[in-house]
Amino acid sequence: MNRTMRYLAYSVIFLLVIVGLLTGSIGWLIGLLAVAVLIGFTVDRFDNRRDEPFKKYNVKHHHLDHDHQA
């Protein structure tokens, strides 16, 4: 996912929350928040998909091992 699409999705999330707040209805707010969270998870999944092939190299980097941190 390119930067423009990512920021566009984040803008849509922000607008959904603002609209939900401005409606004054708790039902609309909860519904729009649910849609915003779903969009956020979707963007995160697409954004992290490009890193999947490299996750196998994480075991070679001890600084990523949280059990051995001071």
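The figures that follow rest on heavy atoms only: side chains count, while hydrogens, waters and symmetry mates do not.
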Novice: Given the rule that I, L, V, M, F, W and Y join up when any side-chain heavy atoms are under 4.5 Å apart, are Val35 and Phe14 in one cluster?
Specialist: no
Novice: Nearest 0.5 Å, please: how far is CG in Leu22 from CG in Leu15?
Specialist: 10.5 Å
Novice: Is Val43 linked to Tyr7 within one hydrophobic cluster, defined over Ile, Leu, Val, Met, Phe, Trp and Tyr using a side-chain heavy-atom separation of less than 4.5 Å?
Specialist: yes
Novice: Does Tyr10, at its OH atom, have more than 12 non-hydrogen atoms belonging to other residues, nucleotides or ligands within less than 6.0 Å?
Specialist: yes
Novice: Leu16 and side chain to side chain contact (heavy atoms under 4.5 Å, CB included): which single residue from Ile18, Ile13, Val12 fits?
Specialist: Val12
Novice: What distance separates Phe46 CZ from Arg6 CZ, expressed to the nearest 0.5 Å?
Specialist: 13.5 Å
Novice: Other members of the hydrophobic cluster containing Val37, with the 4.5 Å side-chain heavy-atom rule, please.
Specialist: Phe41
Novice: Give me each pair satisfying side chain to side chain donor-acceptor pair (under 3.5 Å) with a member in residues 23-44, each pair once, sequence neighbours excluded.
Specialist: Asp44-Asn48
Novice: Could you measure the distance from the CG atom of Asp47 to the CZ atom of Arg3? Nearest 0.5 Å is fine.
Specialist: 10.5 Å
Novice: If hydrophobic residues (ILVMFWY) are linked whenever their side-chain heavy atoms come closer than 4.5 Å, directly or via other members, who joins Leu33 in its cluster?
Specialist: Val17, Leu21, Ile26, Leu29, Ile30
Novice: Measure the CG-CG distance between Leu8 and Asn2 for me, rounded to the nearest 0.5 Å.
Specialist: 9.5 Å
